[in-house]
Novice: 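Structure in structure tokens, see below.
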Number of protein chains: 2
Amino acid sequence: MESKKNLKSEHLKFAVLAVDAVCFRVKEGVLELLLGKIGSDNNIYKGQWAHIGGLIYSEETADQSVDRLLGDKGGIKNIHREQLYTFSDIDRDPRGRVVSVAYIALTNNDDIQNKNDAELETKWCPLSNLPKLAYDHNEITKVAVERLRSKIIYTDIAKYFMPTEFTLSELQKVYEAVLGEGMDKRNFRKRIISLNLLKNTKKTVKKGVMRPATLYTFK
Amino acid sequence: MESKKNLKSEHLKFAVLAVDAVCFRVKEGVLELLLGKIGSDNNIYKGQWAHIGGLIYSEETADQSVDRLLGDKGGIKNIHREQLYTFSDIDRDPRGRVVSVAYIALTNNDDIQNKNDAELETKWCPLSNLPKLAYDHNEITKVAVERLRSKIIYTDIAKYFMPTEFTLSELQKVYEAVLGEGMDKRNFRKRIISLNLLKNTKKTVKKGVMRPATLYTFK
DNA sequence: TCAAAAGTGTTGCTCATACACCCATGA
DNA sequence: TCATGGGTGTATGAGCAACACTTTTGA
């Protein structure tokens, strides 16, 4: 039931809708987040870091908005993203009433171009030394990390962190980076194989002075 | 990262934020939803049923908005609600661009007053014969029921359907109504007791010609 | 003594965990 | 032959599913 009789009343004149994307990758065994530096002079958070985000256009859905913003501001295309939570605290943005639909986004390192169309300074920051972020973005991060950690154990969401072909050890490193704890190699392999999500490519790869490892893909 | 430089551009002039509450109860072993009938003449859905909802005021959060609307339009106070998902399809409301933050709400039958402040016709409708609803509310219902079903098996959310004191059989009936399937009495009791959420009041109750049942409360 | 719901135990299976050694390779 | 990571099996305990009968009560 949505009534529009109040559409033009003073209740609504500040309704502004945004999206924010908590964008993760796992690089060399470390869970990292993509941050952008706030540059505009009339923002009291100028110079601080925040998740990539922006206003939703009236001709796009929230999903489309996230894709556009991650592309334009983060230089990332074809990313996996899913809606996280909508943050609507009245004072979450000091410039006015901004309600933000937050997303988690997951990428492997291959789809990242290190340029973006906006003049936005970005960086990847390990979750373990995240600075104080602008707005309520530390709180959003907390919810996002919780969601990511719970989904990686009961879904195949880890695949969005992986390249097409990978070894079981690489996959295990991703799980460990996300969950922040080591796992038993034998139990990890047994469980992941029994989930029946992986396909053995029969190819092997070797990185250094050691036995070659079998390459897998997600089905 | 939210930039407000486009705040006044034509991209935004239709941004309207609403909430919708998929409000559940279990009555006599049947899972029901609260619906309101659309009355306004300038709505093409006039006469159809929809979830309780409305626009978010600029001085309230989405949570507060749901509480207000369920109170005013549904006559329900002190309800448990949690955010479900934000629906942002461009054409989901034919009157214009309305983004809706959907909630699930759970009530036991005691907090329901059968009057509301708005002149809104409401009814409780069994999920099993839900009519075609206005807007995208059938889709919202689907997501809401999925969420309710998954949460009832790994959380104690069922308590919001129960009165203060209840028998294990009554609790089981609620689980069965939500999940849509019968459960084994012995296994149900074992599991629910082992979760350690219940407290035996040592009181018993009797409804008819039968052995009295023990009353429990949630801790 | 009957009807109606309350209440109760055991067994087998599946799944998660804990745990240690050998293998293949190139230097 | 050594260093490095790749790869494997077993035993134990916890939790879930299947399954049927006895108890209490009032009519």
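Labels below follow one simple rule: chain letters A, B, ... track the order of the sequence lines, proteins then strands, and each chain is numbered from 1.
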Novice: For DNA chain C, find the residues of residues 171-183 of chain A with a heavy-atom distance under 4.0 Å and give them by number; none if there aren't any.
Specialist: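 Contacting residues: none.
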
Novice: Counting only side-chain N and O atoms of A:Thr214, is one of them less than 4.0 Å from OP1 or OP2 of D:dG6?
Specialist: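 Indeed not, no polar side-chain atom of A:Thr214 lies that close.
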
Novice: Between D:dC16 atom P and B:Tyr154 atom OH, what is the distance in whole Å?
Specialist: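 It works out to 16 Å between those atoms.
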
Novice: Pairs of donor and acceptor atoms involving the side chains of residues 210-219 of chain B, under 3.5 Å and at least two apart or interchain, shall be tabulated with distances.
Specialist:
unit_1   : atom_1 : unit_2   : atom_2 : d
B:Lys219 : NZ     : B:Asn196 : O      : 3.3

Novice: Check salt bridge (charged side-chain N to carboxylate O under 4.0 Å, His left out) between A:Lys203 and all other residues, then give those that pass, not counting sequence neighbours.
Specialist: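 Testing A:Lys203 for salt bridge (charged side-chain N to carboxylate O under 4.0 Å, His left out), a comparison that skips the adjacent residues, returns A:Glu165.
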
Novice: Along nucleotides 18-27 of chain D, 5' to 3', which nucleotides get a B, which get an S, and which get a -, given that the test is a protein heavy-atom distance under 4.0 Å?
Specialist: BBB--BBBBS

Novice: Using the salt bridge (charged side-chain N to carboxylate O under 4.0 Å, His left out) criterion, which residues pair with B:Lys159? Sequence neighbours excluded.
Specialist: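 Listed in chain order: B:Asp156.
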
Novice: Which residues satisfy the side chain to side chain contact (heavy atoms under 4.5 Å, CB included) test with B:Thr155, sequence neighbours excluded?
Specialist: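 By the side chain to side chain contact (heavy atoms under 4.5 Å, CB included) rule, B:Thr155 matches B:Lys151, B:Ile157.
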
Novice: A:Ile192 has an atom CD1; how far is it from atom P of D:dT8, in whole Å?
Specialist: 15 Å

Novice: Take the protein atom CZ of A:Phe166 and the nucleotide atom P of D:dG6, then report the distance between them rounded to whole Å.
Specialist: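 Rounded to the whole Å, the gap is 14 Å.
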
Novice: Quick test of your reading: applying salt bridge (Lys or Arg N to Asp or Glu O under 4.0 Å), list the pairs with at least one residue in residues 188-202 of chain A, sequence neighbours left out, ordered by first then second residue.
Specialist: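 Qualifying pairs: none.
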
Novice: Could you tell me whether the phosphate oxygens of C:dA6, OP1 or OP2, come under 4.0 Å of any side-chain nitrogen or oxygen in B:Ser169?
Specialist: yes

Novice: I'd like to check B:Val16 versus B:Val99 (side-chain heavy atoms, cut-off strictly below 4.5 Å). Are they in contact?
Specialist: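 Not in contact.
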
Novice: A:Phe188 CZ to D:dG5 P: how many Å, rounded?
Specialist: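 Distance, rounded to whole Å: 18 Å.
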
Novice: Give the ring-plane orientation class for A:Tyr85 versus A:Phe87, where under 30° counts as parallel, over 60° as perpendicular and anything between as tilted.
Specialist: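 Ring orientation, 0 to 90° scale: perpendicular.
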
Novice: With A:Lys206, which residues qualify under side-chain hydrogen bond (donor to acceptor under 3.5 Å, both in side chains), at least two apart?
Specialist: none

Novice: Can you list everything that forms a ring-ring contact (aromatic ring centres under 6.0 Å, His included) with B:Phe161? Sequence neighbours excluded, please.
Specialist: none

Novice: Measure the distance from NZ on A:Lys207 to P on C:dA24 and round it to the nearest whole Å.
Specialist: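 Whole-Å distance recorded here is 19 Å.
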
Novice: Respond yes when some side-chain nitrogen or oxygen of A:Arg189 is under 4.0 Å from OP1 or OP2 of D:dG9, and no when none is.
Specialist: no

Novice: Between D:dG15 atom P and B:Ile153 atom CD1, what is the distance in whole Å?
Specialist: 17 Å

